[in-house]
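Here's the structure we're looking at; comments come further down.
These numbers come from a predicted model, not from an experiment. Numbering of residues begins at 1 and proceeds along the displayed sequence.
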Amino acid sequence: GSDDFCPGGSIYPNLKESSLFLYPNQDVYFPPCKRYRISAPFVFAGGKFEQKKPSIEALPDECLFEIFRRLPGGQERSTCACVSKRWLTLVSNIRRDEISDNKTPQASDLEHENANKKGGVSSEDVDSDVEGDGYLSRSLDGKKATDIRLASIAVGTASHGGLGKLFIRGSKSRHGVTTVGLRAISRRCPSLRVLSLWNLSSVGDEGLCEIANGCHQLEKLDLCHCPSITDKSLLAVAKGCPNLTDLTIEGCANIGNEGLQAIARSCPNLKSVSIKDCPLVGDQGVASLLSSASYSLTKVKLQALNITDVSLAVIGHYGKAVTDLSLTSLPNVSEKGFWVMGNGHGLQKLKSFTVTSCRGATDSGLEAVGKGCPNLKQLCLSKCPFLSDKGLSSLAKVAGSLECLQLEECHRISQFGFFCFLINCGAKLKVISFANCLGIKDLNSGLPPLSPCESLRSLSIHNCPGFGDASLFALGKLCPQLQHVELCGLHGITDAGVLPLLESCEAGLLKVNLSGCVNLSDKVVQTISNLHGWTLELLNLDGCKISDASLVAIAENCQLLTDLDISKCTITDSGIAALAHFNPVNLQILSVSGCSMVSDKSLPSLGKLGETLLGLNLQQCKAISSRAVELLTEQLWRCDILF
């Protein structure tokens, strides 16, 4: 037909009649007289019609969606997604089953035949949206965690192997992640196996339900401080993600027993469960998880929950596959709960047990656990106010497989319990660690002749102010095969106590940490260097009263040393020069923080040491100028320097 627009003049008496406009509130005029070729509308302004510039943006979302899903490959769709946020959102919401195949049967057969002749793959296989194994990982933190970035990830990973792991750490930004972003992930990333959501107050049940409906391969789910997520989300996950193996829930106040029961019914392969600070979770939810996954659940962590002795009884009976168990801040669990759990005879495979701030962890309760867990290898007890020397001694007698004992802030434990444990422990004990145990006092007299603990390899005493020279002297006789020694913050020990311990170590020390022992002198360092320099790899002398003489001894004898900390010591430039002169070829970490007498004169020596250094700490070295540090940074380009 003719290209003229409404020839013969207007056929409408009133050009502004509202029924003739596309939108009631805008002056956009579409006369229905005939079909025309101009794609752009006319705008009535200033008493006349003006034609808008033609743009594909005038198309509604439905039309653009149909165009995008008919594009021949994933690369084309990814390119379109770069045009605008609107296009990105549309492309990211195309499901795999909505992608249209535009090829005719004849064209497809011909392409398949050519690919077979070449022994390769077709272009469709190379450039497609078919998900791979999901080996890609992506992480969004803080203000970067937005729906737009999630949509970009969804589109970008779809044709490059597939998204396997997604970690989102939110912030208080009003532009954070919402259901829109998670919907894009669910539709474009069906290969997702690991999802971690932290601090996302704007994400609710709708978003997580989208994930459950689209990501059926999900294996690990981590929900931390997501207050808008409720049991409804877990019901959807249980229904849509039967392969779930790891579940972590922390600080989700609206998740309770119903959601956990649904997971228990539908996820038979559950291997790890961690639940913390969820006030609605009680015995019913925990019992359901333990009883339904009795032969698959290996790791259980329960913290700050309103559970009672019933849950511990269920653990003791149904935890047949549990190897790692952690119980923290359970105020409603009593001594009876620990006793029943130990006598349930279900924790035969338990290897690691951690108890923190549980008033029910008493002498008889822990003794029962020791008897009922014959394979227990690691025991960590922290803030157990009712554990005494008697319980520790009894535990040593029944836990014959124990290899590692860690005690922290157990103030009823004294030096009597400490040495009784060493004397009565099994032949497998390798590590013992005491920290902040204020009940330990130094021995008033020596111990009678006792058989040594030949298996112990690591001794760690941190901030136990009553630990003194007499105790160290006794330890030297009891533990001749030590390789790791940590004596930190012990103001009461001197050279007289440390030297016998060092001299009794027959195997050769690998790591020695004496930080905070302010009464130790150069004599200790010289003894360490002379007796153990051939094996020593780490030496921490932070805060000790040592001088340049110690550095000379270290430089001459400790050729295998890789980590040296001499912070807050009275060393000078001469000591640094002596260390550089012998040039320990393995030294990688050096800390001289707070050494006020180390100045710019040490710059050449530090530069020579920097040939092997990977880390150098010069913080609070007030005699070293900023210019010297800049020069050192340029010279030691591969070394991380703190100043």
Side-chain angles (χ1 to χ4, degrees), residues 323-328 338 341-342 347 349-358 360-441 447 450-464 466-467 471-472 474-476 478-488 490 501 511 513:
T323 59
D324 296 82
L325 177 61
S326 177
L327 305 175
T328 302
F338 281 88
M341 182 175 67
L347 296 174
K349 295 184 178 181
L350 187 65
K351 295 181 179 179
S352 176
F353 186 34
T354 300
V355 182
T356 303
S357 300
C358 292
T362 62
D363 293 344
S364 60
L366 291 176
E367 183 181 0
V369 171
K371 289 180 180 179
C373 305
N375 293 304
L376 187 63
K377 298 183 181 299
Q378 180 174 342
L379 179 61
C380 303
L381 304 174
S382 177
K383 300 178 181 178
C384 298
F386 296 107
L387 176 65
S388 68
D389 293 338
K390 180 182 177 181
L392 197 60
S393 178
S394 300
L395 184 65
K397 296 176 182 178
V398 297
S401 298
L402 198 64
E403 297 180 359
C404 175
L405 174 67
Q406 298 179 10
L407 267 69
E408 182 177 1
E409 295 188 38
C410 296
H411 301 310
R412 293 187 66 184
I413 301 296
S414 69
Q415 74 280 4
F416 176 78
F418 176 80
F419 283 101
C420 280
F421 185 87
L422 283 178
I423 295 169
N424 296 311
C425 68
K428 296 182 179 181
L429 186 68
K430 296 179 180 179
V431 179
I432 188 168
S433 173
F434 277 57
N436 302 305
C437 295
L438 304 183
I440 292 182
K441 307 296 181 183
L447 294 175
L450 300 169
S451 58
C453 181
E454 297 282 353
S455 62
L456 194 67
R457 296 290 184 270
S458 177
L459 171 68
S460 178
I461 309 294
H462 283 247
N463 300 317
C464 297
F467 215 90
S471 299
L472 287 180
L475 279 174
L478 280 176
C479 311
Q481 299 299 323
L482 286 175
Q483 294 180 338
H484 300 173
V485 173
E486 291 190 17
L487 306 174
C488 303
L490 304 183
L501 177 65
K511 298 180 180 180
N513 185 351

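In this structure, SG in Cys384 is found 7.5 Å from CZ in Phe338, a value given to the nearest 0.5 Å. Atom CG of Leu376 is separated from atom CG of Leu350 by 5.5 Å, given to the nearest 0.5 angstrom. Rounding to the nearest 0.5 Å gives a distance of 5.0 Å between CG of Leu327 and CZ of Phe353. The CZ atom of Phe416 lies 10.5 Å from the CG atom of Leu392; values are rounded to the nearest 0.5 Å. Note: Arg412 CZ to Ser388 OG = 5.0 Å, rounded to the nearest 0.5 Å. Note: Lys349 NZ to Thr323 OG1 = 9.5 Å, rounded to the nearest 0.5 Å.
A donor-acceptor distance shorter than 3.5 angstrom exists from the side chain of Asp389 to the backbone of Ser414, with no hydrogens or angles considered. Between the side chain of Gln481 and the backbone N or O of Arg457, no donor-acceptor pair lies under 3.5 Å. Distance alone, capped at 3.5 Å, is enough to place a donor-acceptor pair between the Ser455 side chain and the Leu429 backbone.
Counting heavy atoms from C-beta on, the side chains of Glu454 and Pro480 come closer than 4.5 Å. Side-chain contact between Leu501 and Leu487 is present, with heavy atoms from C-beta onward closer than 4.5 Å.
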Could you go through residues 395-411 and list every donor-acceptor pair under 3.5 Å that involves a side-chain atom there, pairing it with any protein atom two or more places apart or in another chain?
from	atom 1	to	atom 2	distance (Å)
Ser401	OG	Pro374	O	2.8
His411	ND1	Leu438	N	3.2

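Considering all non-hydrogen atoms of both residues, Leu478 and Phe419 come closest at CD1-CD2, 3.6 Å.
More than 12 heavy atoms of other shown residues, nucleotides or ligands fall within 6.0 angstrom of atom NZ in Lys377.
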Stepwise side chain to side chain contact (heavy atoms under 4.5 Å, CB included) check, Leu381 with Leu366: CA-CA 10 Å; Leu381 304 174; Leu366 291 176; 3.8 Å; yes

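Aromatic rings of Phe467 and Phe434 (six-membered ring for Trp) have centroids beyond the 6.0 Å cut-off, not under it.
With Leu475 as the partner, the side-chain contact (heavy atoms from CB on, under 4.5 Å) test is satisfied by one option alone out of Leu459, Leu456, Ile432: Leu459.
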